[in-house]
Structure formats: structure tokens, C-alpha cells
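Data block below; observations after.
Note that ligands are numbered from 1 as they come in the structure, with each ligand's atoms numbered from 1 the same way. Bear in mind that the values here come from a model prediction, so they are computed numbers and not experimental data. Throughout, numbering of the chain's residues begins at 1 and tracks the sequence.
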Amino acid sequence: MKTVKLGALVSGRGSNLQAIIDNIENGTLSAELAVVISDQADAYALERARKHGLPAVHISAKGFKGKREEYDALLIKELSQRDVELVCLAGFMRIITPTLIKAFSNRILNIHPALLPAFPGLHVQKAALEHGVKFSGCTVHFVDKGMDTGPIIIQAVVPILDNDTEDSLSTRILRQEHKIYSRAIQLYAEGRLTIRGRHVAVSKGEQSADAFLINP
Ligand code: GRF
């Protein structure tokens, strides 16, 4: 099995990063974290990486206001030096520019805590609750130039419960995020993903034709 070299971009607590690290260590994910990069010096995600002996790099965004392309050029340099094949955005709170997207064309993944294309952007669990949807969930997708618009690889559906708060819903969604992000990376590592326009074909997938969910 081929091992894919990952570069993770993070800004905060890094629970998705942790799930990826754990799955690499327990042998269910054929990947290697070549580098974890944060725009925030105090991101707990960097700490998590260091605890596992992984390269953790802070690239400050100070002085790059209005110069996003220049900041992304630093990211590209670091990722390329480390021989990164696949970039995983894992709670990276910056909008990335076409420069980075071009440098890693169809090789950048993102995890989003809603069922895209519903609820793109920020504070999406709150938005889902306010809208009154019966299901939300999470999505792993390839990154394109839009905001949370790229071709979808995997989604997990999470029912919304009567007494849900933003916190309780976020926690249940996060549990699924931790599963599907590694799963999507594994599919990539196995060479099973083909992008056709907006669609991502998964070769030799095990799918049940009559799968469905009803809530309540
Ligand atoms: C997750 O909810 C992810 O979907 C979103 O940002 C959050 C990051 O959480 N993109 P963590 O840093 O992985 O714990």
C-alpha cells in the first residue's frame, strides 16, 4: 500500500488532526504527516503534532494583510520542501488563494461541519438549528476556488435532536468528522478517487442502493 505524504494546515484545537494522527498510528490510514503548519503560534494543534514527534511549523500571517498570495507562497514553499502530496485543511481559518490551489491542484481536502452545499461558511451548526433542518452532518471535499464548493468525497449525516444546542450538535458532528476525514484520505491514498466535473467517483466502493435515513 502506497503511503501518502500529508501536510495539514490548522489554526486551532486540532481534533481532526488528532484523529488523523491516531489513525496513522493504529495502521488504518496509509499516510504520513510530513508537516503540520499553523498561522497561529498558540494553536493546540501544533502542540498535538509535537507530542507525536511530528514537524510543527508556525507561519505567522502578520504583515500579510492584503497579501494573501504572498502568504500562500510561504505555505507552498514549506509544503513542497517537505515533499507533501496531499494538503489537508483541518480547521485552517484562512481563505486560501488560487496560487495554493493551483500548486496543489486536486490535492487539497477540506472538512466542513455541515451537509454541503447547505450551510457553507462559518457558524454552520447554529445556522442549521435556526433553519430547522432535521439532519445535518459533515462533508469532506476537494478544495476549489469557491468557499466550500469543491467536489464532494464523503458525507456523514447526523440527525438533529429536539433539545440540541449548538454545542451538542457540534460535538455529535465532530465525532463523525473524525471518522470521515481519515476515510477520505485513505480513499485518496488507495488511488480510488476520480474527479469528473463536480462528481467524485469512488472505485470499487461498497454502497447499498437502498440506504436511507428518516428523522424523526
Ligand atoms: C471542524 O468543525 C471542521 O469541520 C471545521 O473546523 C473545525 C476544526 O476543528 N473546518 P478541529 O480544530 O479539527 O478540532
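- Annotation: atom 4 (O) of ligand 1 to nearest protein heavy atom, Glu177 OE1, 2.7 Å.
- Taking atom 12 (O) of ligand 1 as the reference point, the nearest protein heavy-atom neighbour is Gly14 N, 2.8 Å.
- Taking distance alone, with nitrogen or oxygen atoms compared against 3.5 Å, Ala90 stays at or beyond that limit from ligand 1.
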Sequence neighbours excluded and cut-off under 3.5 Å, please list the side-chain donor-acceptor pairs for residues 118-134, or say none.
{"residue": "Lys126", "atom": "NZ", "partner": "Glu130", "partner atom": "OE2", "Å": "3.2"}

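- Not one N or O on the side chain of Asn16 forms a donor-acceptor pair closer than 3.5 Å with the backbone of Ile111.
- With a 4.5 Å cut-off on side-chain heavy atoms, Ser30 and Glu190 do not count as touching.
- Among residues two or more places apart in sequence or in another chain, the ring-ring contact (aromatic ring centres under 6.0 Å, His included) test is passed with Tyr71 by Phe64.
- Distance from atom 9 (O) of ligand 1 to its nearest protein heavy atom, with residue and atom name: Arg13 NH2, 3.2 Å.
- When only non-hydrogen protein atoms are considered, atom 5 (C) of ligand 1 lies nearest to Ile111 O, 3.8 Å.
- Between Ser170 atom OG and Glu177 atom CD the span is 8.5 Å, to the nearest 0.5 Å.
- Looking from atom 6 (O) of ligand 1 to the surrounding protein, the closest heavy atom is Gly91 CA, 3.6 Å.
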